[in-house]
Amino acid sequence: MPSQALIWIIVAAVVVIAAVVCLVVWNSKKSRAQKSQSEESQSEKVQSEKPRAEKSQSKESPAPQPSGAQQIASQDAAAAGSAESAEPAIGSSAETSAEEPAKAAESAESPESAESPESQEPAATAAVKPAESPEGKESRLTRLRSRLSKSANPFGKALFNILTKDNLSEADWEDIEDTLILADVGAETSAQIVDDLRADARVHSNKDASEVRATLRRMLLEQVGEDTDRSLAAERADAHKPSVIIMVGVNGTGKTTTAGKLARLFVAEGKSVVLGAADTFRAAAADQLETWGSHVGVPVVRADHDGADPASVAFDAAQKAVDSQADVLIIDTAGRLQNKANLMDELGKIRRVVEKKLPVDEVLLVLDATTGQNGMVQARVFSEAIGVTGVALTKLDGSAKGGIVICVQKELGVPVKLVGLGEGPDDLAPFDPAGFVDGILGD
Ligand SMILES: Nc1nc2c(ncn2[C@@H]2O[C@H](COP(=O)(O)OP(=O)(O)OP(=O)(O)O)[C@@H](O)[C@H]2O)c(=O)[nH]1
């Protein structure tokens, strides 16, 4: 059976060859697998070492602090930071730069933390401007007195020049009267002053300039009213708290400006003030008042829409003054009313509504000195509509008609309490008769 044996030998050889091939293939696969494993672990090692190198580089030279979108982008870096956190820090600045992205990522993730009061605090503090400290009363008076003497109010000086002539003719006396009328002293009062001067022996017999000046000064002081009580109700010892002042007058006379300046005057005296913007006719008036208030830390109550009821704003302002226990409430009003009946209605309503909360101590009529006798007509209308307790005479700096002080007091029977002598925030002063007369007589 040699052929059968041959077959068995061939089968055995094939089996052996197949086994050898299998062994070789398995061995090569195994070695390839081991190789790729080792390559993988090698690349992993390289990969893990790379950020570490980068990190350590960043610690040595701190990166600029991330902000906004950069902070959000830094979340990834922060998330990968847990393994690195175990690494020793290199200096405190490195610590900061390593920690900040994480903090930034935290704040970027959480809207609450982004808007937390703590994060807002520095901005809020930066926004609060220190309140201005307005000029005190004495310093204002000195400054305003000198301004008055330099201003265009020379009628006292003109009178003095005529009176010191050697022989006064009839024409001279007429000049004196004209000078007084042109200065808005008023016809009746001018005639009376001329009569008094003519009757004064010192003007005729004695031509000593200083004596003539003294006589003229005394006479003008008498007309202005040296001893008149010009204090504001809010300044009196028995003043209500809050003491209410309503500002009235024709538009453009300076009501809003004077309300703002007056608030400063009270703040300078250490008083707390609330301003009420009841001029709802002109929206910008409330903005204007708010600007005045913001400079000295005085709250302003205003309407939430244009054309609101002025009386309702006045009521809210009175409520605010009561709630905040303010010393003074100043209410600004509009002056644009077609007729006296409307004016009476509006001002009367403001007054009535405020009086539900507080007594009204003062109604200040704001008069523009440059309008002269025209202003007087309007003054009478306001006086009849609401009843005024005093006058704030504005723009005396631009007027050659200082005589209006004498005229307005005689016509309305109330004193000039305040004078405005410029557009500057502290260019408002209590009216001082001696300073005024010295100012108009010049040096
Ligand atoms: N030169 C000078 N200007 C003044 C004085 N007081 C006010 N003014 C100016 O007069 C202008 C009118 O002032 P406002 O306070 O707006 O007048 P208002 O009476 O409130 O006007 P309405 O709100 O329209 O009724 C502004 O330009 C002020 O700066 C002053 O004493 N001297």
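Every number for a ligand or one of its atoms is a count from 1 in the order of the listing.
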**Message:** What I'd like to find out is whether the side chain of Val405 reaches to under 4.5 Å of the side chain of Phe431, using heavy atoms alone.
**Reply:** yes
**Request:** Rounded to the nearest 0.5 Å, what's the gap from NZ on Lys356 to CZ on Arg352? Could you check?
**Result:** 8.5 Å
**Atoms in ligand 1 with a heavy atom of Leu421 nearer than 4.0 Å** = 31 (O)
**Asked** Counting only heavy atoms, which portion of Asp279 has something under 4.0 Å from ligand 1: side chain, backbone, both, or neither?
**Response** side chain
**Residue selection (non-hydrogen contact nearest atom 16 (O) of ligand 1) among Lys255, Gln288, Lys261** = Gln288
**Complete:** Result for side-chain hydrogen bond (donor to acceptor under 3.5 Å, both in side chains) between Asp327 and one of Lys241, Lys271, His240 points to Lys241
**Request:** Could you tell me if any non-hydrogen atom of Ala334 lies under 4.0 Å from any atom of ligand 1?
**Result:** no
**Request:** Can you sort out which atoms of ligand 1 are near Glu423, meaning under 4.0 Å from one of its heavy atoms?
**Result:** 1 (N), 2 (C), 3 (N), 4 (C), 9 (C), 27 (O), 28 (C), 29 (O)
**Prompt:** Does ligand 1 have an atom that lies less than 4.0 angstrom from a heavy atom of Asp427?
**Reply:** no
**Residue that, paired with Met219, satisfies side-chain contact (heavy atoms from CB on, under 4.5 Å) out of Val224, Val437, Leu197** = Leu197
**Complete:** Note: ligand 1 atoms sitting under 4.0 Å from heavy atoms of Thr257 are 7 (C), 13 (O), 14 (P), 15 (O), 28 (C)
**Message:** Any heavy atom of Gly249 closer to ligand 1 than 4.0 angstrom?
**Reply:** no
**Message:** Suppose I only count heavy atoms of Gly420 and a 4.0 Å limit; which atoms of ligand 1 are within that range?
**Reply:** 31 (O)
**Heavy-atom pair of closest approach, residues Arg302 and Ala277** = CB-CB, 4.1 Å
**Nearest heavy atoms of Arg230 and Val416, plus distance in Å** = NH1-O, 2.9 Å
**Min N/O separation Ala285 to ligand 1 under 3.5 Å** = no
**Item:** Side chain, backbone, both or neither: the part of Met247 lying under 4.0 Å from ligand 1 by heavy atom
**Value:** neither
**Request:** Could you tell me whether Thr258 and ligand 1 have an N or O pair separated by under 3.5 Å?
**Result:** no
**Complete:** Logged contact type for Lys395 with ligand 1, heavy-atom cut-off 4.0 Å, is both
**Message:** For Val328 versus Ala234, what's the shortest heavy-atom pair and its separation?
**Reply:** CG2-CB, 4.0 Å
**Asked** Polar-atom distance check: Gly254 versus ligand 1, any N or O pair below 3.5 Å?
**Response** yes
**Prompt:** Within the structure, does Thr256 bring an N/O atom to less than 3.5 angstrom of an N/O atom in ligand 1?
**Reply:** yes
**Message:** Using a 6.0 Å cut-off, check whether atom NZ of Lys410 has over 12 heavy atoms from anything other than its own residue.
**Reply:** yes
**Message:** Met247 and side-chain contact (heavy atoms from CB on, under 4.5 Å): which single residue from Thr258, Asp279, Leu365, Thr253 fits?
**Reply:** Thr258
**Asked** For Asp397 and ligand 1, does the shortest N/O to N/O distance drop below 3.5 Å?
**Response** yes
**Message:** Side chain or backbone, does Thr394 bring an N or O within less than 3.5 Å of an N or O on ligand 1?
**Reply:** no
**Asked** Can you name the salt bridge (Lys or Arg N to Asp or Glu O under 4.0 Å) partners of Glu355, sequence neighbours left out?
**Response** Arg351
**Asked** Is any side-chain heavy atom of Val363 less than 4.5 Å from a side-chain heavy atom of Val248?
**Response** yes
